[in-house]
Amino acid sequence: MRLGVLGAALLLLLVLRAAQSRRGAWPRHGAHRRYTPDWKSLDGRPLPAWYVVLTAKHHEGFTNWPSPVSWNWNSQDLGPHRDLVGELGTALRKRNIRYGLYHSLLEWFHPLYLLDKKNGFKTQYFVSSKTMPELYDLVNRYKPDLIWSDGEWECPDTYWNSTDFLAWLYNDSPVKDQVVVNDRWGQNCSCHHGGFYNCQDKYMPESLPGHKWEMCTSVDKLSWGYRRNMVMASIASEEEIISELVQAVSLGGNYLLNIGPTKDGVIVPIFQERLLAVGKWLSISGEAIYASEPWRVQSDKNTTSVWYTSKGPDVYAILLRWPEDGVLYLTSPKTTLTTKIVMLGLEGDLKWSPNPVQGLLISLPQLPPSALPVKFAWTLKLTGVK
């Protein structure tokens with residue numbers, strides 16, 4: 001598979017919309033209030049739906065668009081001689097897919113950043129001449145639905161002028177009514193301020209957080225980019241990816257899955273295989289994922305490892321291991337006279353009975369693995385339960 005618009009870019013893909021924010025779907029609230037340049041105001045911004053994110057600029061400073069402040073170090077002047085950010089945005093929007101842009105605040109080797117660093121970040125030569133002009137340019141030129149900020153860790157948000165930029169973004173920018181951001185806007189911000197929380201790479205909470213969050217991870221466990229010397233042992237399996245996806249959604253998060261194309265924009269077969277496998281699973285089980293919300297209980301920690309999601313009155317139980325005796329024991333759902341249970345992808349109700357102690361027992365289909373709707377992570381839809 002070749003992505004002609006990507007060139008040497010690093011591509012970040014959110015392959016699904018995960019659990020819906022309790023504050024609603026994709027926000028369109030910019031006209032309802034004014035934001036001031038302080039975190040108390042900015043942290044009240046509504047939160048995201050599903051999206052694709054492209055790396056517009058990573059820490060080495062090469063921009064995948066013709067940045068006016070990155071002369072001769074961008075994809076128009078070097079490499080593909082194309083505006084990769086613009087072309088991918090056009091392609092995605094033709095398919096009605098939300099478009100996000102990753103942008104690194106710092107640049108490892110930029111002389112002005114190194115000068116500010118030498119000055120203890122008491123000067124802002126780099127911010128005023130490079131970082132902020134680029135961010136304003138990206139927003140005004142490409143109108144992204146999401147800004148995925150990174151490269152913040154060496155400096156406080158006051159050095160980056162983050163709150164001033166975000167107040168403009170939410171109040172006066174061309175995407176003020178729908179844009180969302182993450183939490184990497186200064187060394188003091190991660191997991192505390194911003195839009196949805198990343199907290200750290202590959203973050204997975206142990207319990208349901210009180211704030212919208214996202215797990216960002218990679219198909220290649222050892223790299224965010226493409227490695228010619230990668231081996232199968234370092235590639236996440238279909239089961240690992242789907243397990244993370246299910247857990248993240250059950251805990252109210254989004255799941256951002258990264259792949260690194262080659263220098264000429266090719267998605268190598270193993271990455272294609274993993275993405276297609278997740279897509280195939282979602283074609284059956286997506287009802288339990290898209291626009292879902294956390295249930296009152298997130299998981300039953302028994303031998304089958306069951307995770308719950310919900311949508312309206314319906315509850316979904318996703319089991320990551322098939323019980324040896326073919327009987328699934330769920331402790332959390334409370335049955336009623338109208339309780340019905342089906343497996344997504346199969347026709348007909350499943351037989352169940354109340355457990356004398358707690359919960360219920362479900363007789364799973366007695367079918368060979370090849371006849372089941374998915375190979376892993378089977379989803380049961382429970383109606384009429386509390």
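Position 1 is the first residue of the sequence; numbering continues from there.
Taking the side chain as every heavy atom from C-beta outward, Thr339 and Trp352 approach each other to under 4.5 Å. Glu87 has its side chain out of reach of Trp65: every pair of non-hydrogen atoms, C-beta onward, lies at least 4.5 Å apart. Between Leu222 and Met230 the shortest side-chain heavy-atom distance does not fall below 4.5 Å. At a threshold of 4.5 Å between non-hydrogen side-chain atoms, the residues Arg141 and Pro68 count as touching. Proximity of Leu257 to Leu275: side-chain heavy atoms (C-beta onward) are separated by under 4.5 Å at one or more points. The closest side-chain heavy-atom distance from Val246 to Trp281 is below 4.5 Å.
Side chains of Trp148 and Glu214: a donor-acceptor N/O pair is present below 3.5 angstrom, by distance only. At a cut-off of 3.5 Å, with distance as the only test, no side-chain donor of Thr383 or Asp314 sits close to an acceptor on the other residue. In this model, no donor atom of one side chain and acceptor atom of the other lie less than 3.5 Å apart for Tyr102 and Asn64. In this structure, a donor-acceptor pair under 3.5 Å is present between the side chains of Asp116 and Tyr159. A donor atom on one side chain and an acceptor atom on the other are found under 3.5 Å apart for Asp300 and Ser332. Defined by atom type and a distance below 3.5 Å, a donor-acceptor pair is present between the side-chain atoms of Ser218 and Asn258.
A side chain to side chain contact (heavy atoms under 4.5 Å, CB included) with Leu380 is found for one member of Leu364, Ile318, Leu344, Val342 and no other, namely Leu364. Put simply, the residue from Leu88, Val139, Thr55, Val85 that forms a side chain to side chain contact (heavy atoms under 4.5 Å, CB included) with Leu101 is Val85.
Checking side-chain atoms of Tyr99 against main-chain N and O of Lys143 turns up no donor-acceptor pair under 3.5 Å. Of the possible polar contacts, one joining the Tyr197 side chain to the His192 backbone as a donor-acceptor pair under 3.5 Å is found. Although no hydrogens or angles enter the test, the distance criterion places no donor-acceptor pair under 3.5 Å between the side chain of Thr217 and the main chain of Lys202. Of the possible polar contacts, none joining the His110 side chain to the Leu115 backbone as a donor-acceptor pair under 3.5 Å is found. Side-chain N or O atoms of Ser292 include one that pairs as donor or acceptor with a backbone N or O of Ile289 at under 3.5 Å. Ser234 contributes no side-chain N or O that, together with a main-chain N or O of Lys221, makes up a donor-acceptor pair within less than 3.5 Å. Counting only distance, with no hydrogens or angles, the side chain of Asn182 and the backbone of Phe196 share no donor-acceptor pair below 3.5 Å. Remark: side-chain polar atoms of Tyr35 are not paired, donor with acceptor, to backbone N or O of Thr163 under 3.5 angstrom. Side chain of Lys57 to main chain of Ser104: a donor-acceptor pair is present (N/O by atom type, distance under 3.5 Å, no hydrogens or angles). Remark: side-chain polar atoms of Arg228 are not paired, donor with acceptor, to backbone N or O of Thr262 under 3.5 angstrom.
When all heavy atoms of Ser67 and Asp137 are compared, the closest pair comes out as CA-OD2, 4.4 Å. Of all heavy-atom pairs spanning Leu251 and Pro209, the tightest one is O-CD, 3.3 Å. Considering every non-hydrogen atom in both Asp220 and Gly225, the closest pair reads OD2-O, 4.3 Å. When all heavy atoms are compared, the tightest approach of Trp160 to Gly151 is CZ2-O, 3.7 Å. In terms of heavy-atom proximity, Ile362 sits nearest to Leu360 at CG1-CD1, 3.9 Å. Nearest heavy-atom pair across Glu239 and Phe376 is O-CE2, 3.5 Å.
Cluster annotation: Trp322 is connected to Leu330 through the hydrophobic network of ILVMFWY side chains, with a link wherever side-chain heavy atoms come within less than 4.5 Å.
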**Prompt:** Which is it for Thr335 and Leu382 under the side-chain contact (heavy atoms from CB on, under 4.5 Å) test, yes or no, and what are the steps along the way?
**Reply:** CA-CA 9 Å; Thr335 61; Leu382 289 70; over 6 Å; no

**Request:** Take Leu78 and Phe62, measure what side-chain contact (heavy atoms from CB on, under 4.5 Å) needs, and give me the verdict at the end.
**Result:** CA-CA 10 Å; Leu78 292 176; Phe62 185 88; 4.1 Å; yes

**Message:** Run Val179 and Tyr170 through side-chain contact (heavy atoms from CB on, under 4.5 Å) and show every step you take.
**Reply:** CA-CA 7 Å; Val179 69; Tyr170 294 166; 4.1 Å; yes

**Request:** Show the numbers, then the answer: is there a side-chain contact (heavy atoms from CB on, under 4.5 Å) between Ser310 and Glu293?
**Result:** CA-CA 5 Å; Ser310 67; Glu293 295 181 351; 4.1 Å; yes

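For Lys381 and Asp349, the salt-bridge test fails: no basic side-chain N is under 4.0 Å from an acidic carboxylate O.
Considering only residues two or more places apart in sequence or on other chains, Tyr113 meets the ring pair (Phe, Tyr, Trp, His ring centres under 6.0 Å) condition with Phe121, Phe126.
For residues 104-200, the set of pairs meeting the disulfide bond (SG atoms under 2.5 Å apart) definition, not counting sequence neighbours, comprises Cys191-Cys199.
Atom OH of Tyr136 sits in a crowded spot, with more than 12 heavy atoms from other residues, nucleotides or ligands closer than 6.0 Å. Residue Lys375 places its NZ atom among 12 or fewer non-hydrogen atoms of other residues, nucleotides or ligands, all under 6.0 Å distant.
Taking the six-membered ring where tryptophan is involved, the planes of Trp108 and His58 are perpendicular, since the angle between them exceeds 60° and thus also 30°.
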